[in-house]
Amino acid sequence: MTNRSRSSRTRRLLLTVVLHMISHCQGVGAAFAVAGEAVRPVWSCCRTRSGRSAGTRLQQSRDAADPLDVQSLLSLPRPSRLDALSRRVESFPRDSRAHLLLGFEWLRGHEDGPDGDGEDGGEGEGPSSTQSSVAPSRVRPDPLDAAIRHLGLAANLLPDHAAAHFQLASALEERARVRSARGEEKEDPSSASGPLDESIAEDRRRAVLAFGEAVRLEGRSLDAAGGVGVAGANVAGRYLEVLRRLRQASLNVGDEKGVLWTIDQECLLSSSKMPFAVEDERNGEDGMQQVDNYNLSEYEWIMGVPSSIDAPYNDGSRHVALRTIGDNAILGRNIVSAIRKAANEHWAKNRGESSSRFTMQFQGNSEVHLADLVANSPPWLKEYIDDALQRKVYPLIRKAFAEDGMEMPEGTLCVYDSLVVQYDGDAARQHGVIGAMQPLHRDGGLFSVNVALNPARSFSGGGTFLEGLVCGADDDLPPVRLPVAPGHALLHRSTERHAGAPTTTGVREILVLFVAARPSIVLPSSSEVPTSDAGRRQGRVPPCRASGVERSFHLKLLARQQEDWFGMIKCYEMALAQYPDDGEAAYWLGFHMVKGHGSANNQRTTDVEMRRREVISGVRFLEKAARFCPCDAKVFFYLGVARLKMSSCATHNDNVGQHFSLGGEMDLVVQALENALDLDNGCRIAGCPDGDGIDIPCALVYVAEAHARQGNYCEAFDRLSDIIKKLRRGEYTENMNASFLLKKANALMAYCEQNLKCDS
């Protein structure tokens with residue numbers, strides 16, 4: 001092979017690498033970096049016989065038939081790359097790839113700042129000061145304006161190139177964000193959608209359209225890939241990334257329907273990629289008729305005792321979870337043994353590393369997706385699992401939870417993800433922790449099925465901690481449950497907060513199935529994305545609607561990503577609208593309302609009336625959260641704090657001793673805070689403290705303050721004496737507010753002493 005043909009082959013290979021990176025929406029910087037490493041060993045073959053560099057040859061070439069030499073660009077510093085690409089588009093205005101790469105460069109220049117990536121100094125549209133032949137009067141354009149101009153041209157020239165539309169949308173979104181941060185956008189504090197500067201609003205609208213076009217094109221690619229198996233995995237990843245960006249862009253322009261559409265499509269995609277069987281459709285169409293034909297496992301409900309204000313439950317009890325009993329297990333012995341063998345072989349091969357993509361990792365834990373195991377196991381394993389799903393799991397869920405009064409979702413049940421988890425208590429203790437565990441959390445989907453894979457005698461501790469059992473729990477009946485035997489299961493709603501209790505010795509192995517519901521299991525349609533109401537009315541929306549529970553779950557995730565207070569509140573309000581019984585969404589709405597709309601940047605409003613309305617709204621949401629999360633300590637903690645703040649707003653004064661008595665209001669404060677302390681203590685006793693739990697010394701001080709406001713000075717004095725001693729002994733050294741609380745407690749103590757003397 002000649003040097004010329006070898007060089008040509010290298011250029012073609014490199015161009016493929018760069019465009020592949022671009023299509024993955026990684027940005028031209030990443031493409032250049034990866035491609036540069038890839039061609040470094042053969043760089044010498046890219047020299048001409050006269051010794052001139054390929055970069056120089058690119059700058060001097062003005063032949064319209066000469067293709068864009070991406071490889072040559074890699075040898076240039078960034079200012080020179082900008083110069084070469086700028087000259088290229090001046091000479092060949094319809095060179096789509098040159099516009100795309102130049103747009104990438106400008107966008108990267110904005111992200112990296114004026115000093116770029118450290119290769120050299122600043123940059124301009126054209127050559128650097130030392131290498132440029134362009135007149136020095138050329139004005140350096142704004143990087144984002146230049147990026148949008150060239151990416152817009154690239155999108156017009158490459159209408160079927162998803163990456164061009166994606167990066168154009170990214171640049172538009174970034175320009176809107178920058179202008180807003182500079183104060184060009186002035187929002188009305190009294191409205192979650194205040195008036196926007198027209199240019200910012202226009203950028204956001206254009207970003208939605210561009211992201212929507214990228215989704216449509218990636219959806220078409222996903223259809224062409226034939227699914228989301230090995231061949232379509234990369235396409236599915238890109239499709240999911242663009243969907244999520246479209247979701248945020250739709251939220252920015254207040255398009256609620258667009259936000260929900262992207263969530264529905266993500267839920268559909270997640271279930272479509274699973275290789276397991278879906279529910280027999282006759283179960284959903286004919287109700288219990290088909291279910292009754294199966295030999296279901298017997299089961300028993302695990303009952304919880306609600307708190308005193310648990311209004312939704314009138315009979316004094318609630319169904320927290322159920323577990324199968326008897327001889328008819330969910331999974332037979334052969335399936336259990338095969339799953340354990342495949343998982344342990346996987347962990348041995350990968351040195352115990354977890355393949356989980358989303359769960360929280362702790363010492364002693366190993367995880368692997370069940371889909372990965374069946375892909376590398378004999379076909380009969382998947383067949384047995386599918387049979388168990390269709391004849392045992394799905395029918396049991398539909399029968400048991402429907403009888404419990406739950407409104408079952410439309411469509412067919414399906415597994416949207418599944419994990420085999422190993423808790424190694426001995427390995428965890430070697431790292432100095434109490435055991436192998438998982439923290440308190442809620443799952444996605446609708447139902448969680450926890451199947452035991454080994455007997456309880458193989459380990460100590462462990463089990464599923466159910467927060468709903470903390471209310472009324474005692475030493476004889478702790479809030480931790482285990483399946484009765486291998487192959488048997490513990491089932492609960494995904495909204496039930498739970499944790500993996502510490503496995504202190506031995507090894508506990510479980511299979512967790514996350515079950516959702518879909519109207520139809522099909523690939524996302526490549527039909528036009530609904531970026532307008534007109535598009536929706538014309539029927540261009542794929543017929544998929546996720547359940548309110550699932551929509552709420554994703555909206556809460558979206559809320560946590562928001563930097564803007566109004567955007568965050570909007571997400572939580574949408575979550576609560578989709579699932580009105582969502583206590584978690586109500587809690588976060590109340591929490592952030594009480595903190596105030598300026599809390600994110602420590603600029604709370606000075607409008608006393610507005611602040612009072614925020615606090616009152618926060619109290620109402622926290623009261624709702626307490627009804628649907630009767631065992632969540634932090635809900636009651638912030639409810640008590642919010643009621644104190646509400647009384648402070650009533651008097652427009654936060655100084656001790658200058659509040660009028662609100663009578664029963666302080667009784668509710670004390671009740672909420674003491675309930676929070678009891679619930680938090682129950683979680684700690686079970687070894688499953690809430691990582692985002694309550695501030696114990698703060699709760700104790702607030703209880704004393706509430707007693708003082710009621711005029712119970714002796715009770716307040718005794719409580720303050722105890723907490724002051726503990727603070728001085730350093731029992732709460734981990735609390736960053738310990739010094740402030742000590743000061744506040746001393747002030748309250750002095751106030752109580754003064755009033756006790758007056759009374760005597």
Side-chain angles (χ1 to χ4, degrees), residues 271 274 276-304 318-336 339 370 381-421 442-453 463-464 466 468-469 481-496 498 510-518 521 547 549-550:
S271 59
M274 285 293 107
F276 305 111
V278 301
E279 181 188 24
D280 188 327
E281 292 186 359
R282 289 172 294 179
N283 292 349
E285 295 172 359
D286 302 330
M288 296 293 105
Q289 180 179 348
Q290 183 70 16
V291 171
D292 291 338
N293 295 331
Y294 295 126
N295 182 23
L296 299 183
S297 302
E298 297 180 63
Y299 61 90
E300 63 180 11
W301 282 102
I302 299 172
M303 312 297 288
R318 60 186 292 260
H319 292 167
V320 175
L322 66 89
R323 61 180 173 185
T324 59
I325 57 176
D327 298 329
N328 188 13
I330 290 286
L331 297 181
R333 293 180 180 178
N334 292 338
I335 306 179
V336 169
I339 292 174
L370 183 62
L381 178 59
K382 179 183 178 301
E383 293 172 3
Y384 275 110
I385 293 173
D386 286 345
D387 183 71
L389 288 170
Q390 290 191 312
R391 301 184 65 83
K392 296 289 185 68
V393 177
Y394 298 146
L396 177 61
I397 288 175
R398 189 168 289 280
K399 181 176 187 295
F401 287 98
E403 289 179 352
D404 188 43
M406 178 177 179
E407 183 179 350
M408 298 301 292
E410 299 178 358
T412 56
L413 298 177
C414 64
V415 173
Y416 90 87
D417 211 340
S418 180
L419 292 172
V420 179
V421 185
R442 292 178 174 86
D443 295 329
L446 293 174
F447 307 98
S448 298
V449 183
N450 183 323
V451 184
L453 297 180
T464 301
L466 295 162
L469 300 180
R481 297 291 186 274
L482 286 162
V484 297
H488 279 277
L490 180 76
L491 298 84
H492 58 82
R493 298 173 180 84
S494 62
T495 53
E496 192 71 43
H498 60 286
I510 60 172
L511 167 66
V512 185
L513 302 168
F514 302 103
V515 178
R518 299 290 175 265
I521 303 301
S547 67
V549 172
E550 294 174 276

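Small disclaimer: the values here were computed from a predicted structure and weren't measured.
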Write down the atom of [X], the atom of [Y], and the distance for their closest heavy-atom approach.
X	Y	result
Leu389	Pro395	O-CD, 3.7 Å
Phe276	Asp386	CA-OD1, 3.4 Å
His492	Val320	CB-O, 3.8 Å
Leu466	Arg481	CD1-CG, 4.3 Å
Val336	Leu453	CG1-O, 3.3 Å
Tyr416	Ala516	CD2-CB, 4.1 Å

> Glu496 side chain to Arg442 main-chain N or O, any donor-acceptor pair under 3.5 Å?
Replying inline: no
> Are the side chain of His488 and the backbone N or O of Asp327 linked by a donor-acceptor pair below 3.5 Å?
Replying inline: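 No, His488 side chain to Asp327 backbone: no donor-acceptor pair under 3.5 Å.
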> Should Ser448 and Leu513 be marked as a side chain to side chain contact (heavy atoms under 4.5 Å, CB included) after you check the CA-CA gap, both sets of side-chain angles, and the distance that decides it?
Replying inline: CA-CA 6 Å; Ser448 298; Leu513 302 168; over 6 Å; no
Side chains of [X] and [Y] in contact at under 4.5 Å (non-hydrogen atoms):
X	Y	answer
Ile339	Leu331	yes
Ser547	Leu446	yes
Tyr299	Lys399	yes
Val449	Ile397	yes
Thr464	Leu482	no
Leu511	Leu419	no
Leu322	Ile302	no
Thr324	Pro483	no

>> Walk me through whether Val451 and Ile510 qualify under side chain to side chain contact (heavy atoms under 4.5 Å, CB included).
In response: CA-CA 6 Å; Val451 184; Ile510 60 172; over 6 Å; no
>> Regarding Glu300 and Arg323, does a basic nitrogen lie under 4.0 Å from an acidic carboxylate oxygen?
In response: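 Yes, this pair counts.
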> Thinking salt bridges, do Arg518 and Glu550 make one under a 4.0 Å N-O criterion?
Replying inline: yes
> Going through the distances and angles, do Leu370 and Val512 end up as a side chain to side chain contact (heavy atoms under 4.5 Å, CB included)?
Replying inline: CA-CA 9 Å; Leu370 183 62; Val512 185; over 6 Å; no
Atom [atom1] in [X], atom [atom2] in [Y]: separation rounded to 0.5 Å?
X	Y	atom1	atom2	answer
Thr412	Glu279	OG1	CD	6.5 Å
His319	Glu403	NE2	CD	10.5 Å
Leu381	Asn334	CG	CG	11.0 Å
Leu296	Ile330	CG	CD1	8.5 Å
Leu491	Phe447	CG	CZ	9.5 Å

> So, Asn450 and His498: side-chain donor and acceptor under 3.5 Å apart, yes or no?
Replying inline: no
>> Could you check whether Asn328 and Lys392, counting side-chain N and O atoms only, form a donor-acceptor pair closer than 3.5 Å?
In response: yes
> Is there a side chain to side chain contact (heavy atoms under 4.5 Å, CB included) between Arg493 and Phe401 once you walk through the steps?
Replying inline: CA-CA 9 Å; Arg493 298 173 180 84; Phe401 287 98; 3.9 Å; yes
